[in-house]
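Because the structure is predicted, anything quoted here is derived from the model rather than measured.
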Amino acid sequence: MPFADPATDPGTAVPVTAGPGSDAGFDAGGSAHRGQPPLLRAASPFGAHCRAGSDVDPRSGVDEHPGADAGEEDAGEGGRGEDTMDLRFPDELVALVADDASDRHGARGRDQGTAQLSVSLTATRDTSVLPTEGALLDRVAEWGPAHSSAGVFYLVPVRVDRDLPLISRWMNDPAAAFWELSGPQSVTEDHLRAQLADDGRSVPCIGVLDGTPMSYWEIYRADLDPLARHYPARPHDTGLHLLVGAVADRGRGLGGLLLRAVADLALAQRSSCARVIAEPDIRNTPSIAAFLTAGFRFSAEVDLPAKRAALMVRDRSLRHLL
């Protein structure tokens, strides 16, 4: 049965059947611990010889010219004013940090910390500033199609009862090793349910190309994630991970094509977002190549608890140039 148009029938089930050899994966940004989203991050030095589209300070591991990260404002004297945290935190961020401080548990795993922000929070939590359902990412289910040379592409938020067998099969292919979610279905199920039980800062999705489910995505608020401690985050930075699941869809350039389409879709649908962020494992050269093809630039190399990652950035201001 063909996959229904999510714009008109968002509740229609995604087919989970796949023929032999169709459940191999291509990782473009994912690396996860069991039962938690792949979002813990930490910083490390990076030499300037590994650069693509940015100048990196070998002592600090970040761009020498961070103003290029957002591109919408002048960096100021010395070029250092663009990517600093000298910003007013949005009400939703303050509310979410207050939420974490009150021991509310969501998609973070048992061993995963919360971001430590340099901001004073009042003891009384104002529930009037809490985001409504789906507001943190501007309702991914309503983003609509991304048109590409490969066909019409939709992001369809995951339903565990419908999508778990397919996603688990993809995660058990050797090509998905960087996700670290191989094993019984319960491993993938715990990972998915942790995100779905949270407040919407990470949305797992099935990627549907011309009616066929063919990839797994995670769209997340990078500025509300622990990752924000390890790069010069800006409000509304949007992160993504991609796993191309079907072996027939690998080796055709679809990774770069769809990464560009989804990044541009996020920028089009999230007017407050100036950048799309990704952090594939530095050893995953096919993934990094796909991001570069998609118009992302290499910003820095960072050491994370589970991996050393390449910080990739697609800027709204540069999307027509890269």
Side-chain angles (χ1 to χ4, degrees), residues 14 25-41 106-109 112 134 136-141 143 146 153-160 162-164 166-168 170-171 173 175-182 187-208 213-228 236-245 255 258-263 265-267 269-270 273 275-281 284 287 290-291 294 296 304 306-307 309-314:
V14 175
F26 169 75
D27 172 23
S31 177
H33 292 293
R34 292 185 177 182
Q36 66 183 52
L39 306 179
L40 274 176
R41 308 293 179 254
R108 303 294 179 262
Q112 183 169 350
L136 288 179
L137 284 162
D138 299 295
R139 296 175 175 82
V140 175
W143 281 9
F153 182 82
Y154 283 94
L155 289 172
V156 181
V158 163
R159 280 178 25 202
V160 174
R162 176 189 67 192
D163 305 321
L164 178 60
L166 180 61
I167 299 173
S168 179
W170 287 343
M171 292 298 178
D173 189 275
F178 287 107
W179 285 77
E180 299 180 10
L181 290 175
S182 61
V187 175
T188 299
E189 181 176 5
D190 289 345
H191 178 77
L192 295 174
R193 290 195 184 278
Q195 294 175 82
L196 296 172
D198 201 13
D199 52 21
R201 69 185 77 184
S202 180
V203 179
C205 296
I206 291 288
V208 180
M214 48 73 65
S215 54
Y216 172 71
W217 298 73
E218 289 173 354
I219 315 298
Y220 68 96
R221 281 287 296 269
D223 61 322
L224 302 183
D225 190 83
L227 173 62
H236 296 281
D237 277 355
T238 303
L240 59 84
H241 301 125
L242 163 64
L243 174 67
V244 176
L258 294 180
L259 284 168
R260 179 183 292 270
V262 171
L265 184 64
L267 292 171
Q269 296 296 324
R270 305 203 65 235
C273 172
R275 302 181 302 179
V276 179
I277 306 296
E279 20 67 49
D281 193 297
N284 195 346
S287 174
F291 279 107
F296 285 73
L304 312 179
K307 64 183 180 182
L311 182 66
M312 311 298 295
V313 180
R314 179 151 175 79

Student: Quick one about Ser202 and Glu218 (side-chain donor to acceptor, distance below 3.5 Å, no hydrogens or angles considered), yes or no?
Tutor: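 Short answer, no.
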
Student: Run the side chain to side chain contact (heavy atoms under 4.5 Å, CB included) check on Arg270 and Arg221 step by step: do they pass?
Tutor: CA-CA 11 Å; Arg270 305 203 65 235; Arg221 281 287 296 269; 3.5 Å; yes

Student: Taking all heavy atoms of Val156 and all of Arg162, pick out the closest pair and write down the distance.
Tutor: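 The pair with the smallest heavy-atom distance is CG1-NH2, 3.7 Å.
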
Student: Suppose we screen for side chain to side chain donor-acceptor pair (under 3.5 Å). Which residues come up paired with Arg193, at least two apart in sequence or across chains?
Tutor: Glu189

Student: With sequence neighbours excluded, tell me which residues meet side-chain contact (heavy atoms from CB on, under 4.5 Å) with Leu265.
Tutor: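 If we apply the side-chain contact (heavy atoms from CB on, under 4.5 Å) test to Leu265, skipping adjacent residues, the hits are Trp143, Ala146, Gln269.
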
Student: Looking at residues at least two apart in the chain, or sitting in another chain, which of them share a side-chain contact (heavy atoms from CB on, under 4.5 Å) with Ala222?
Tutor: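 With sequence neighbours excluded, Ala222 shows a side-chain contact (heavy atoms from CB on, under 4.5 Å) to Tyr220, Leu227, Tyr231, Asp237, Ile277, given in chain and number order.
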
Student: Output, in order, the C-alpha distance, side-chain angles, deciding distance and verdict of side chain to side chain contact (heavy atoms under 4.5 Å, CB included) for Leu166 and Tyr216.
Tutor: CA-CA 10 Å; Leu166 180 61; Tyr216 172 71; over 6 Å; no

Student: Which residue in the set Ile167, Asp163, Val160 passes side chain to side chain contact (heavy atoms under 4.5 Å, CB included) when paired with Thr188?
Tutor: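 Of all the options given, the one that passes is Ile167.
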
Student: How long is the span from the OG1 atom in Thr238 to the CZ atom in Arg314, to the nearest 0.5 Å?
Tutor: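 Those atoms lie 13.5 Å apart.
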
Student: Heavy atoms only: give me the nearest Gly200-Leu137 pair and the separation to one decimal.
Tutor: O-CD1, 3.6 Å

Student: So, for Arg275 and Leu267, which heavy atoms are closest and what is the spacing to 0.1 Å?
Tutor: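 Smallest interatomic distance, heavy atoms only, reads N-CD2, 4.1 Å.
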
Student: For side chain to side chain contact (heavy atoms under 4.5 Å, CB included), just list the numbers for Ser215 and Leu242, CA-CA rounded to whole Å, side-chain angles, deciding distance to a tenth of an Å, and then say yes or no.
Tutor: CA-CA 7 Å; Ser215 54; Leu242 163 64; 3.7 Å; yes

